Amino acid sequence: MSSEIERRVENLLATAKGTEVVNNSSGPSSSETKQSLPDSASSKTEASFDDTAAKEKFSIELKNLQDSRKASPNAKAMQSFREKLPAYKVKDEFLKAVRDNQVLVVSGETGCGKTTQLPQFILEEEISNLRGAGCNIICTQPRRISAISVAARIASERGENLGETVGYQIRLEAKRSAQTRLLFCTTGVLLRRLIQEPDLGDVSHLLVDEIHERGLNEDFLIIILRDLLPQRPNLRLILMSATINADLFSKYFGNTPVIHIQGLTFPVVERFLEDILEKTHYKIKSEYDNMHGNSRRRRQQYSRTDPLTEMFEEVDIDSQYKNYSISTRQSLDAWTGVQLDLGLVEATIDHICRNEGDGAILVFLTGWDEISKLLEKIKANAFLGNSSKFLVLPLHGSMPTVNQREIFDRPPSNMRKIVLATNIAESSITIDDVVYVIDCGKAKETSYDALNKLACLLPSWISKASAHQRRGRAGRVQPGVCYRLYPKIVHDAMPQYQLPEILRTPLQELCLNIKSLQLGAVAPFLSKALQPPDALSVQNAIELLKTIGVFDEREELTPLGHHLCTLPLDPNIGKMLIMGSIFQCLDPALTIASALAHRDPFVLPINRKEEADAAKRSFADDSCSDHIALLKAFEAWKDAKRSGRDRAFCWENFLSPITLQMMDDMRNQFFDLLSDIGFVNKAKGIKSYNKYGHDLEMVCAILCAGLYPNVIQCKRRGKRTAFYSKDVGKVDIHPSSVNAGIHLFPLPYMVYSEKVKTTSIYIRDSTNISDYALLLFGGGLTPNKTTGSIEMLGGYLHFSASKSVLQLIQNLRAELDKLLQRKIEVPGLDIYAEGKGVVSAAIELLHSQNVSAMKN
DNA sequence: GAGCACTGC
């Protein structure tokens, strides 16, 4: 720090103390804090019927309406279609079970009609019995699209418009009315609703669909519901699952009855690797023949951790496969399961195209790289590369093609569609005309290493349940064939189910939600889960929440924690938003928070990835920040949108218009919520909280405030920079980051929002920040008496400077913290009026960052 | 020196 800046900061701080410290003693009491919190953000749309007569009248109206619609010719056709569904056969049994039991588990395979028919049976029954006005049926779905499409389907089966008696509600979008008696919503929406309405007092029937997927929200909801049922004897709960693990849920609810419904899909023949090798005569080469580079490293990595592959290594090929040809046995001997043999995939596609009937082929692969490489291989293939005969389409969540119609459309009659997809095609995207599925048997799967506090994303064998689901994708329109590129004995040894998400993911947001729903202490609550998470994972989450000031020492919510409960965000990102609103960087904070919370708007095109990289880098300019790149891209999109050329803009800059629009909507939602908790005044608009929105040093400081303790050190190693984190040591910048390939950085630290272990431990998105940003907006400062330096992050980071500078920084930080604490307790406080000197001093210091270049 | 499963408030 130059002495000039030191003097100016000191002066500013002195003026601040004059006004601030004196006022501080008259701060608000904690009871005032509570009052400033909002009690409700959501509107209540159901009509309430206090008047019994009005209620009866409405029930009669509903019945008359239902009866008259049933009489129409269109409805009769619908009815005969519905009667063909397997669910129809259990209608009476189901309705009786709903009457007689508070909880019921229904299992049914794809196509049995459970999702569309069961909620509808209840609705019809209630309306017919003149209980229409009093019933309020909710059916949760794990995904937004299914909530909308199922609601639309049922409305059309009932011959009414969507939003009348049947509606839906997903984040930022709803079609419902006072008349709505059956509402489809995402599980997340219901969990939010539970904050306002902990006993779901208005709900008569709750159906929770797709519970076999074992998503985090669904597992969480089920714990709450099991505790809630005794208090709500009139509430009926129906859990809907795919056949296989229904008993698990029945046991969880005290051996509640289970109803099974037959599936209704076409038969799908299964062929395993050994049969495929016999048919294609494809020869698998031993990995040792073509190993170079890091494939040996990969092989070692996998074979040590993968029991399935190891199991197959032990198999005596000649006796196990004695009826197969020598060529097949040699291939099976060479096969390891460590890495997918793309030549084998190609040979299988080739075989189908030459020998099998019409129909689309769906290939399940693990990721971008495999899709891209296979696409190239097919293009180069003399037979399959004929683009007038074969329409080959990549399908990956981050590819710009993900929403293109040609994936769903039937190709011209002389063409065969071949879709190369990830797991996205397993449940999120359904391609109806698929007749052939090729299953590589693996998927990238997140796991959480609690010891190293590390999220991992590694390819692993799928479960039998998943394999079954993939196979089912081939039988939607006619009988199909599923080609499994692994031996049958590997399939038989696959785990029955995937680990539930609650065991595979960091838990901080869940822990915050537990407190916000007032469900008691975190660890005892989570121990009631169907499969409780590891104690260390819970401990890590609680410690993080303490570090960022959301939980106090007793694991209760701090005032900041209370505010964060109203924001549907990961606690770190929520904190960033609040800090952005406090420090007049609201616009960038809203944009960055919405991108981090939702998804990256940058798409990864298959052919033009260098151009895509360059586009992202140009948005980042020289900021050394992926977050700034996001921000600039969003702002440029808004400009393009104003001049009506947003479509071209997205295409030219490799951005997803759908993601950007969602971000824009989320920004508005966050702004409204910040207004509800008093940090901003909605009427004044975002721009009135954006004085420093274009000050990139301030924006980076806000990022630091939100993302801490996600900090890494940049250490100069000769002509390059190496990066170190507290928990796992050396890490790498992800190659997709704008900071990848930069050798030297102007500032000594990076903050990041995601650290994931894939082929290495990668920091996916990063922003280069100064030591001042960390000192003022990072974690608590601890002076080290022996070295005379200041420490942070449990002594991992230390800062040294002259005694007077360190003292000055500590004083400034102490004042800043006091001011912030008051602001968080009284969100309406004008910190620029009350703490002018402190804030100005902090800004001054942040702007002096270029004085201290990287010194490590 | 070389990579990016998928949902959701």
Side-chain angles (χ1 to χ4, degrees), chain A residues 41-42 140-147 169-173 185-195 210 213-218 220-221 293-294 364-373 395-399 402 421-429 440 442-447 455-460 462 466 498 501 504-505 509-510 512-513 516-517 564-570 573-574 594 597-600 602-606 609-610 612-613 616 626 662 665-666 669-670 673 720 722 732-737 740-743 754 756-760 762-765:
Chain A
S42 86
T140 68
Q141 293 292 315
R143 285 169 289 279
R144 295 163 58 90
I145 307 251
S146 46
Q169 186 178 348
I170 59 179
R171 181 182 199 167
L172 305 171
E173 198 182 319
C185 66
T186 43
T187 318
V189 165
L190 184 72
L191 284 168
R192 279 283 136 188
R193 182 167 164 174
L194 273 163
I195 299 177
E210 314 284 11
E213 289 182 12
R214 302 299 307 278
L216 183 66
N217 283 345
E218 289 72 20
F220 181 36
L221 179 62
N294 64 2
F364 282 103
L365 300 163
T366 59
W368 197 96
D369 211 38
E370 280 180 0
I371 293 175
S372 164
K373 282 184 179 145
L395 176 59
H396 182 289
S398 315
M399 284 175 186
V402 70
T422 61
N423 244 2
I424 196 170
E426 201 178 286
S427 49
S428 302
I429 285 180
C440 75
K442 289 193 174 180
K444 281 190 184 160
E445 191 181 68
T446 50
S447 51
C456 306
L457 179 64
L458 299 167
S460 63
I462 58 173
S466 224
Q498 190 192 29
E501 194 184 2
R504 294 187 290 114
T505 186
E509 197 179 352
L510 182 64
L512 178 63
N513 289 335
S516 90
L517 286 163
L564 292 186
C565 287
T566 62
L567 298 172
L569 280 169
D570 182 84
I573 302 172
S594 61
H598 183 50
R599 58 152 71 212
D600 192 345
F602 287 98
V603 291
L604 312 163
I606 216 143
K609 62 179 188 170
E610 286 80 12
D613 247 29
K616 189 173 173 185
D626 294 299
M662 184 70 183
D665 296 341
M666 287 171 71
Q669 183 192 28
F670 294 147
L673 291 169
R720 303 168 56 86
D732 293 313
I733 299 292
H734 196 280
S736 66
S737 164
I742 296 181
H743 293 327
E754 240 189 331
V756 183
K757 180 182 167 185
T758 53
T759 51
S760 165
Y762 284 115
I763 302 298
R764 276 207 179 144
D765 49 352

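These numbers were taken from a predicted model, which means no experiment stands behind them.
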For B:dA5, take OP1 and OP2 only and decide whether either is under 4.0 Å from a side-chain N or O of A:R504.
-> no
Base, sugar-phosphate, or nothing for A:S736, non-hydrogen atoms under 4.0 angstrom?
-> base
For A:R504, check salt bridge (Lys or Arg N to Asp or Glu O under 4.0 Å) against everything at least two apart and list the hits.
-> none
Nearest-nucleotide pick for A:T422, side chain only, options being B:dT7, B:dA2, B:dA5 | B:dA5
Roughly how many Å is it from CD1 in A:I733 to P in B:dG1, rounded to a whole number?
-> 15 Å
A:D613 CG to B:dG1 P: how many Å, rounded?
-> 18 Å
Describe the nucleic acid contact of A:R214 in one word from base, sugar-phosphate, nothing, applying a heavy-atom distance below 4.0 Å.
-> nothing
Report the nucleotide, chosen from B:dC9, B:dA5, B:dG3, that has the shortest atom-to-atom distance to any side-chain atom of A:P735.
-> B:dG3
Kindly say whether A:E754 contributes a backbone atom to a donor-acceptor pair with the side chain of A:D765 at under 3.5 angstrom?
-> yes
Considering only side-chain heavy atoms of A:T186, which listed nucleotide, B:dA5, B:dG3, B:dG8, is closest?
-> B:dG8
Rounded interatomic separation in angstrom, taking CD from A:E370 and P from B:dG3 = 13 Å
Report the distance from atom CD1 of A:I429 to atom C1' of B:dT7, rounded to the nearest whole Å.
-> 12 Å
Does A:E213 have any salt bridge (Lys or Arg N to Asp or Glu O under 4.0 Å) partners at least two apart in sequence or in another chain, and if so, which?
-> A:R143
Which of the following nucleotides, B:dG8, B:dC6, B:dC4, is nearest to the side chain of A:H734?
-> B:dC4
A:E501 side chain to A:T505 side chain, donor-acceptor N/O pair below 3.5 angstrom | no
Whole angstrom value for the distance that separates C1' of B:dG8 from CG of A:N513 = 11 Å
Indicate whether OP1 or OP2 belonging to B:dG3 is found under 4.0 Å from a side-chain N or O atom of A:K609.
-> no
Can you tell me the distance, in whole Å, between the CG atom of A:L458 and the C1' atom of B:dC4?
-> 14 Å
Select from A:H396 and A:L569 the residue whose nearest nucleotide in DNA chain B is closer to the 5' end of that strand.
-> A:H396
With distance as the sole test, does A:R764 use its side chain to make a donor-acceptor pair with the main-chain N or O of A:V756 at under 3.5 Å?
-> no
